[in-house]
Amino acid sequence: MSKRDYYEVLGVSKDASKDEIKKAYRKLARKYHPDVNKEEGTDQKFKEVKEAYEVLGNEQKKAQYDQFGHAGPQSQGGFGGFGGGEDFGGFGDIFDMFFGGGGRRDPNAPRQGNDLQYAMTLEFEDAIFGKETDIQIPKEEDCDTCDGSGAKPGTKPETCSHCNGSGQLNVEQNTPFGRVVNRRVCHHCQGTGKMIKEKCTTCGGQGKVQTRKKIHISIPAGIDEGQQIRVPGQGEPGVNGGPAGDLYVVIQVKSHEFYEREGDHIYCEMPITFAQAALGDEIEVPTLHGKVKLKVPAGTQTGKTFRLKGKGAPNVRGYGQGDQHIKIRVITPTNLSERQKELLREFNEISGNQPTDEHEDSFFQRVKRAFKGE
Ligand SMILES: [Zn+2]
Ligand SMILES: [Zn+2]
């Protein structure tokens with residue numbers, strides 16, 4: 001993928017404000033707009049500028065881009081990482097700026113459909129290993145009966161005769177200052193510029209129907225809470241032949257009773273007996289990838305952490321694998337039998353009734369000295 005950095009495309013710095021980004025975009029869009037600039041290659045430049053602004057001009061998409069860039073996430077089977085939800089004005093914006101503010105959006109111009117969002121809750125393991133799944137989403141679709149026109153099959157929507165298809169009417173008003181002409185949305189056609197004489201009975205003339213659509217989702221291994229999967233073209237249908245919006249699946253991950261996750265690393269706590277801690281032992285530790293043997297050296301204290309390399313979550317962008325960190329907790333035995341108590345008393349006597357730790361000037365030694373006033 002040899003896509004240019006979006007900030008570079010717009011010629012702004014990474015900490016540019018929303019206004020600066022917008023200004024830069026407008027300047028470049030004007031320069032490269034194919035209606036204005038007939039030079040070769042400007043078409044491509046215009047597209048590039050537009051795409052950069054679609055991301056950097058949208059707070060959510062920008063945040064995702066800052067986090068992921070474009071290369072990584074998109075190479076993972078449709079995982080886009082870009083948040084959506086905002087109706088980007090598309091060409092409407094350009095028209096506005098060319099024709100000086102007053103020009104309303106042409107109701108007959110193609111417009112991209114709205115993006116949709118879907119919240120999905122995953123089991124802890126499914127987020128680690130990825131999953132193939134189907135979801136059902138409520139969706140507005142073009143009506144099959146009328147092909148989205150809203151007109152009864154065999155008939156066609158006609159241009160609204162009141163506004164001549166512009167979707168707007170000039171309304172003259174007498175005011176104390178004279179006659180004023182106001183532009184209003186045409187109420188005969190609700191601003192669509194079209195009149196449907198005979199409505200399609202399936203959709204009631206709307207051209208759209210509500211359906212539930214089954215969509216296959218590939219969840220990439222290593223996805224984490226709050227990340228999004230972009231499914232292109234599965235948002236709401238476009239208007240006037242424009243492209244459909246995108247679907248964004250927002251991921252939530254259930255917590256696990258044993259493991260905790262931070263990025264690609266997995267954390268857990270492992271209890272051992274104080275005999276194991278003192279004498280050392282080889283213990284079995286559960287990991288997401290199966291059981292692993294871990295050597296606990298003699299004299300291990302509570303809080304000591306061991307690292308199992310590569311036993312964490314895979315990186316969602318394909319950059320290797322996290323580790324599992326195991327924190328040892330030494331358990332003080334309870335419900336002792338008489339024999340156990342006897343042995344412990346004996347142990348205590350041999351140890352001189354104080355914790356033995358040859359490696360440090362122990363806390364208890366210092367406490368003892370404090371009491372003696374040394
Ligand atoms: Zn219909
Ligand atoms: Zn009209």
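For ligands, and for the atoms within them, numbers begin at 1 and follow the listed sequence. Just so it is clear, the model here is predicted, and its values are computed rather than measured. Residue numbers run from 1 in the order of the sequence given.
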Item to check | Apex the Zn ion (ligand 2) - arms SG from Cys189 and SG from Cys160 - angle rounded to 10° | outcome: 120°

Next on the checklist: Would Lys304 pass as a cation-pi partner of Phe306, given that its NZ or CZ must be under 6.0 Å from the six-membered ring centre and within 45 degrees of the axis?
Outcome noted: yes

Checklist entry - Can you tell me if His187 has an N, O or S atom under 2.8 Å away from the Zn ion (ligand 2)? => result no

Checklist entry - In terms of ring plane angle, is the pair Phe274 and Phe347 parallel, tilted or perpendicular, where the classes change at 30° and 60°? => result perpendicular

Item to check | Between His265 and Tyr259, ring centroids under 6.0 Å | outcome: no

Checklist entry - Is any N, O or S atom of His162 under 2.8 Å away from the Zn ion (ligand 2)? => result no

Next on the checklist: Which label fits Phe129 and His289: parallel for a plane angle under 30°, tilted from 30 to 60°, or perpendicular past 60°?
Outcome noted: perpendicular

Item to check | Contact check: His188 to the Zn ion (ligand 2), N/O/S below 2.8 Å | outcome: no

